[in-house]
Amino acid sequence: MKLLALLLAVALAWGTAGCGGPRGSLPPAAEGGSSPSSSLAGDAPPPPAQEAPPPEESPDPPDPPEAPEAAGPRPEPWPGAMPLVNDYIAGEADRLLREIITPEMDRYQQVQTVYRWLVENTAFFDNQPVGLEVWQWRGDIRQVPGYVENRAISPLLFGIGSCEDYAAAAVVLLRRLGIPAEYVAGLTISVRGDFVDHAWAVVQLDGQWYHIDPQLEDNVTRRGRLTYRFFLKGDQTMAADHRWGENLIAYYGREMTAERAANIREHWRVPACPNSLPPPEPELLDEPPVPDRARVVEELAAERRRWEAEHGPLPPVEMDVTPPVL
């Protein structure tokens, strides 16, 4: 009996010692380190470590969602149209231009028509543009537009915007006509008599640059009578109630830091506009009803939900839509 008990004890000891560690221990890869040492004295050395299998290659990231087919054929761009980053925004600008611009118009008439359309068809909502993300599911999400392109969406598609959106839409439409135009960030006089952040545009005609401010024009239009008060103006005229570039730096004087002044000179330079052109004759506008902004927002949210239900969630995209504050 004593011999049988001795043989049983040896068998149990051999079974618990194992090779390389106590039972229940995780393999080294699972613990992120070397194998733990055995708590039993006299353990046999572990066997040579087996070569780890090569790591599996991570799958390629999924392709971005495909853009849905357009509701209709994309209109032909205007001859000489300047390129945009986002094809959907370019197409919508071209579609509008085909509706309001006729082939016999000269450059002056084209600029006047764009200006009048923006004043007539855009309702001012202070810092409340809508639909800035709509290109993500109506177009190609890989074509991320810059600030000016993105802010043009609200007036062009929904008739809603603040000064930044009016200015951005003017720049986009004029560039799609092949007319050089630039976005201007600066200040203007408020109804309280102080200067506030503002945006407008400059446009080049026959080699000369001029200021245009469709949002402020909309603000001074009474009973639908468009007087072209801020259309194709020179620096001297515009400086009566606007500040930009060097005269903005001079306005702030010592209050402006050297860093801010350098930023304005580097990023917000505005071409010189030495002259004003005589304004066109006043005209009456056929202004549509003010859009129901809340309803537009609800409809866009529903449109996005329908798209994502069919195609899956849209990936996050970093958009440049914050106005510069000078």
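These values consider heavy atoms only, across backbone and side chains, with no hydrogens, waters or symmetry-generated copies.
No more than 12 heavy-atom neighbours from other residues, nucleotides or ligands sit within 6.0 angstrom of CD on E318. No more than 12 heavy atoms of other residues, nucleotides or ligands lie within 6.0 Å of CZ in R229, so this atom counts as exposed by the packing criterion. More than 12 heavy atoms of other shown residues, nucleotides or ligands fall within 6.0 angstrom of atom CG in D106. In R98, the CZ atom is crowded: over 12 heavy atoms of neighbouring residues, nucleotides or ligands sit closer than 6.0 Å.
For the residue pair Q204 and Y210, no side-chain donor N or O sits within less than 3.5 Å of a side-chain acceptor on the partner. Looking only at atom types and distance, the side chain of Q143 has no donor-acceptor partner in the side chain of Y88 under 3.5 Å away. Residues H242 and N247 have side chains that never bring a donor and an acceptor to within less than 3.5 angstrom of each other. Side-chain N/O atoms of S162 and D165 include a donor and acceptor closer than 3.5 Å. Side-chain contact annotation: Y228 with E217, donor-acceptor N/O pair under 3.5 Å absent. Side-chain contact check for H211 and W200: at least one donor-acceptor pair (N or O, by modelled atom type) lies under 3.5 Å. Side chains of E259 and T257: no donor on one and acceptor on the other come within 3.5 Å.
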Could you walk me through whether R304 and L314 pass the side chain to side chain contact (heavy atoms under 4.5 Å, CB included) test, one step at a time?
-> CA-CA 9 Å; R304 176 170 182 164; L314 286 163; 3.6 Å; yes
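Taken to the nearest 0.5 Å, the NZ atom of K233 stands 12.0 Å off from the CG atom of D213. Atom CD1 of I101 and atom CH2 of W117 lie 11.5 Å apart (nearest 0.5 Å). For the atom pair CG (L284) and CG (L226), the distance works out to 9.5 Å, reported to the nearest 0.5 Å. Within the model, atoms OG1 of T113 and CZ of R116 stand 4.5 Å from one another, a figure rounded to the nearest 0.5 Å.
No salt bridge links R95 with E99; every basic N to acidic carboxylate O contact stays at or beyond 4.0 Å. A salt bridge links R138 to E303: at least one charged side-chain nitrogen sits closer than 4.0 Å to a carboxylate oxygen. At a threshold of 4.0 Å, the pair E182-R269 does not count as salt-bridged, since none of the basic side-chain nitrogens sits closer than that to a carboxylate oxygen. Between E283 and R225 there is no salt bridge, since no side-chain nitrogen of the basic residue lies less than 4.0 Å from a carboxylate oxygen of the acidic one.
Between V114 and L97 the shortest side-chain heavy-atom distance falls below 4.5 Å. At a threshold of 4.5 Å between non-hydrogen side-chain atoms, the residues W135 and D140 do not count as touching. Looking at heavy atoms from C-beta onward, P324 lies in side-chain contact with Y147 at the 4.5 angstrom threshold. Using a 4.5 Å heavy-atom cutoff, the side chains of I249 and I264 are in contact.
A pairwise comparison of heavy atoms in A93 and L156 identifies CB-CD1, 4.4 Å as the closest pair.
Between F231 and Y108, the ring planes lie perpendicular to each other; the angle is over 60°, past the 30° to 60° tilted range. Using a 30° and 60° split on the angle between ring planes, Y183 and W268 fall in the tilted class, from 30° to 60°.
Under the 4.5 Å side-chain heavy-atom criterion for Ile, Leu, Val, Met, Phe, Trp and Tyr, L157 and F124 are members of distinct hydrophobic clusters.
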